[in-house]
Amino acid sequence: MSLNQVWKLLYPHWKKPAVELIPGYTIMILVPGDLPFFLKIALETCAKQDPRDLVETLVVPDNRLQPGFIERMEEWTQNYSASPVRLVSQNPLERLATRHYNNYHNNYWLQVVRGINAVRTTHVLFHDVDLFIEEPDFLRKHYEACVAENLAVRGVSKAWDPWFAEQGIHHVVATWESIFDINWFRSFRPWQHRGQDEIIAGKRHSCDATYWAQCQTPPERIGCESREVGFIHFNYVTGSYRRFQTTKGPFEDIYFRLLLLRLLIDAYDPSGWKYDIPSMEVFVRGVNDSSNRVTYLEESTRQRYSDFRSLLQVLLDSRSLSPQQASIIRENIRPFDQIFGFSQGRSLTATTQS
């Protein structure tokens, strides 16, 4: 029996909703259970949004939930006035499945299934924890446009995989910050939303979560923001972190996502939580030391610093951070700016120190 067949047997259908669907939307925060600071960022981000039509916020941790996470969630949600907050924990079946098959992409899909089963509203928004929203009415307008245009899916970015556009399929959108009609989502079986190889346009291709279902949907029922404005998104942070955790020895941080994690941890969570991320001193050593746990030695990596740092500067200049949080990040990133020759408004090719 193939792995796909196993998931079909384990997740053949959705749970029947306990109540009639409530008009409005749910924010679903899919958060790594061992990175609680991301929950704090997500809550602070969503709390600044116009809460009209927001019914509930779901916190859906993955299978790495650590002791102390729930206590921090309870503390951080005390002043969260946007909506009621509900924790959606792993059920025994999912806990057993992830114990024997621990794959980042599959774990994400299981989070999605668990979250969708808990949704009680007509629409649900997948909030990405590494995405900062600048405009206070962004989510409200996003939801209103989805309803007004009778869309099954409304995204903020086109699919990250260019293969779909190359096949003439232009309507597929990325899952991050997308809003979904819950009846559309549940019209497909849970396993059909899983990231897996599928036949699309007569060709076999690896689909991300929800992509196959979107391909089976009329293009006019899927919409997307015309421009990526109103938010700051670093992308692929959790995936980079999970790959780092599976390696032993030096790890080339090619997009500076591990560095971003350390910067955000220091800015958002001074609690002393033991994160599986090196200190800033270790990161700085990785510019020259090939034996360091995290390295920045490849020329292609060094060339990417300017793009990473420019996006980080957009975050620093936004209203997303408190003055104290911004100050901590500026202080911690200074050694990298000096090494890579970055200054606000200009950047130079990375220099090598001997």
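Sequence positions, counted from 1, serve as the residue numbers for this chain. Below, each value reflects all heavy atoms present in this structure, side chains not excepted, and no hydrogens, waters or symmetry copies. Small disclaimer: the values here were computed from a predicted structure and weren't measured.
Residue pairs that meet the side chain to side chain donor-acceptor pair (under 3.5 Å) test with at least one member in residues 109-119, sequence neighbours left out, are Glu94-Arg114. Each side chain to side chain donor-acceptor pair (under 3.5 Å) pair with one or both residues in residues 223-232, not counting sequence neighbours, appears once here: Arg154-Glu225, Ser157-Glu228. Pairs passing the salt bridge (charged side-chain N to carboxylate O under 4.0 Å, His left out) check and including a residue from residues 263-277, sequence neighbours excluded, read Arg262-Asp266.
Side-chain atoms of Gln313 and Arg309 form a donor-acceptor pair, as typed in the model, at a separation below 3.5 Å. Checked by atom type, the side-chain pair Ser83/Glu56 shows no donor-acceptor distance below 3.5 Å. Glu281 and Ser279 share a donor-acceptor pair across their side chains, judged by distance under 3.5 Å alone. Remark: the Glu74 side chain and the Gln78 side chain contain no N/O donor-acceptor pair separated by less than 3.5 Å.
With hydrogens and angles ignored, the 3.5 Å screen pairs a side-chain donor or acceptor of Ser187 with a backbone N or O of Trp184. Within the 3.5 Å criterion, the main-chain N or O of Asn235 finds a donor-acceptor partner in the side chain of Asp130. In this structure, Asn292 contributes its side chain and Val282 its backbone to a donor-acceptor pair below 3.5 Å. With hydrogens and angles disregarded, no donor-acceptor distance shorter than 3.5 Å links the side chain of Asn107 to the backbone of Asp62. Although no hydrogens or angles enter the test, the distance criterion places no donor-acceptor pair under 3.5 Å between the side chain of Thr295 and the main chain of Ser291. Checked by atom type and distance alone, the side chain of Arg189 pairs as donor or acceptor with a backbone atom of Pro12 at under 3.5 Å. With Gln49 contributing its side chain and Leu139 its backbone, the two residues share a donor-acceptor pair below 3.5 Å. Within the 3.5 Å criterion, the main-chain N or O of Asp53 finds no donor-acceptor partner in the side chain of Glu144. A donor-acceptor pair is defined here as one N or O able to donate and one able to accept, closer than 3.5 Å; such a pair exists between the side chain of Ser322 and the backbone of Gln325.
Legend: residues meeting ring pair (Phe, Tyr, Trp, His ring centres under 6.0 Å) with His171, ordered by chain and number and at least two apart, are absent. Annotation: ring pair (Phe, Tyr, Trp, His ring centres under 6.0 Å) contacts of Phe231 (sequence neighbours excluded): Phe138. His127 meets the side-chain hydrogen bond (donor to acceptor under 3.5 Å, both in side chains) test with Glu177; sequence neighbours excluded. Looking at residues two or more places apart in sequence or on another chain, you find a ring pair (Phe, Tyr, Trp, His ring centres under 6.0 Å) between His205 and Trp163, Phe164. Residues forming a side-chain contact (heavy atoms from CB on, under 4.5 Å) with Arg221 (at least two apart in sequence, or on another chain): Asn150, Ala152, Asp181, Thr217, Pro218. Residues passing the ring pair (Phe, Tyr, Trp, His ring centres under 6.0 Å) test with Phe283, sequence neighbours excluded: none.
Of the inter-residue distances, the one linking Trp191 atom CH2 with Leu9 atom CG reads 10.5 Å to the nearest 0.5 angstrom. Interatomic distance, CD1 of Ile41 versus CD1 of Ile265, reported as 9.0 Å (0.5 Å rounding). Here CE of Met280 is found 11.5 Å from CZ of Arg334. Values are rounded to the nearest 0.5 Å.
One hydrophobic cluster holds both Phe234 and Trp160 under the rule that ILVMFWY side chains link at heavy-atom gaps under 4.5 Å. Both Val237 and Phe244 belong to a single network of hydrophobic side chains, linked directly or stepwise wherever heavy atoms of I, L, V, M, F, W or Y lie under 4.5 Å apart. There is no path of hydrophobic side-chain contacts, each under 4.5 Å, that joins Ile328 to Tyr268. Residues Leu151 and Leu125 do not share a hydrophobic cluster, clusters being chains of Ile/Leu/Val/Met/Phe/Trp/Tyr side chains in contact below 4.5 Å. Hydrophobic clustering (side-chain heavy atoms under 4.5 Å, transitive across Ile, Leu, Val, Met, Phe, Trp, Tyr) groups Ile329 together with Phe336.
Minimum heavy-atom separation, Ser290 to Leu297: CA-CD1, 3.4 Å. Across every non-hydrogen atom of Cys146 and His123, the tightest pair is SG-CD2, 3.9 Å. Across all non-hydrogen atoms, the minimal contact from Ser178 to Val173 is OG-CG2, 3.8 Å. The two residues His233 and Leu311 come nearest to each other via the heavy atoms O-CD2, 3.5 Å. Annotation for Val88 and Ala118: closest pair CG2-CB, 3.8 Å, computed over non-hydrogen atoms.
Within the 4.5 Å cutoff, the side chain of Cys46 has no heavy atoms near those of the Thr57 side chain. In this structure the side chain of Phe251 reaches within 4.5 angstrom of the side chain of Arg243, judged on heavy atoms. Taking the side chain as every heavy atom from C-beta outward, Phe185 and Val153 never approach each other to under 4.5 Å. Looking only at side-chain heavy atoms (C-beta outward), Thr238 and Arg257 stay at 4.5 Å or farther from each other. When side chains are defined from C-beta on, Phe342 counts as touching Ser310, because their heavy atoms get closer than 4.5 Å. Looking only at side-chain heavy atoms (C-beta outward), Thr45 and Ser320 stay at 4.5 Å or farther from each other. Contact of the Arg186 side chain with the Pro17 side chain is registered, since non-hydrogen atoms from C-beta on lie closer than 4.5 Å. At a threshold of 4.5 Å between non-hydrogen side-chain atoms, the residues Ile333 and Leu312 count as touching.
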Quiz item: For Asp137 and Arg140, what are the C-alpha separation, side-chain angles and deciding distance, and is it a salt bridge (charged side-chain N to carboxylate O under 4.0 Å, His left out)?
Solution: CA-CA 5 Å; Asp137 56 358; Arg140 175 179 62 78; 3.8 Å; yes

Quiz item: When you look at Tyr108 and Thr175, which way does the side chain to side chain contact (heavy atoms under 4.5 Å, CB included) test go after all the steps?
Solution: CA-CA 11 Å; Tyr108 171 81; Thr175 55; 3.5 Å; yes

Exercise. Report the C-alpha distance between Gln90 and Asn63 in whole Å, list the side-chain angles of each, state the deciding distance to 0.1 Å, and finish with yes or no for side chain to side chain contact (heavy atoms under 4.5 Å, CB included).
Key: CA-CA 7 Å; Gln90 274 191 311; Asn63 66 324; 3.3 Å; yes

Quiz item: Run the side chain to side chain contact (heavy atoms under 4.5 Å, CB included) check on Asp307 and Phe256 step by step: do they pass?
Solution: CA-CA 10 Å; Asp307 288 341; Phe256 297 89; over 6 Å; no

Quiz prompt | Stepwise side chain to side chain contact (heavy atoms under 4.5 Å, CB included) test for Phe180 and Ile116 | solution = CA-CA 10 Å; Phe180 299 90; Ile116 292 295; over 6 Å; no

Please report, to 0.1 Å, the donor-acceptor pairs under 3.5 Å made by any side chain of residues 66-73, with sequence neighbours excluded.
from	atom 1	to	atom 2	distance (Å)
Gln66	NE2	Arg64	O	2.9
Glu71	OE1	Gly68	N	3.4
Arg72	NH2	Ser271	OG	3.1

Show which side-chain atoms of residues 18-39 pair as donor or acceptor with protein atoms under 3.5 Å away, not counting sequence neighbours.
from	atom 1	to	atom 2	distance (Å)
Thr26	OG1	Thr121	OG1	2.7
Asp34	OD1	Arg242	NH1	3.2
Asp34	OD1	Arg242	NH2	3.0
Asp34	OD2	Tyr241	OH	3.2
Asp34	OD2	Arg242	NH1	2.9
Asp34	OD2	Gln245	NE2	3.3

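Its side chain within the 4.5 Å cluster rule, Tyr255 clusters with Ile254 among the Ile, Leu, Val, Met, Phe, Trp and Tyr residues.
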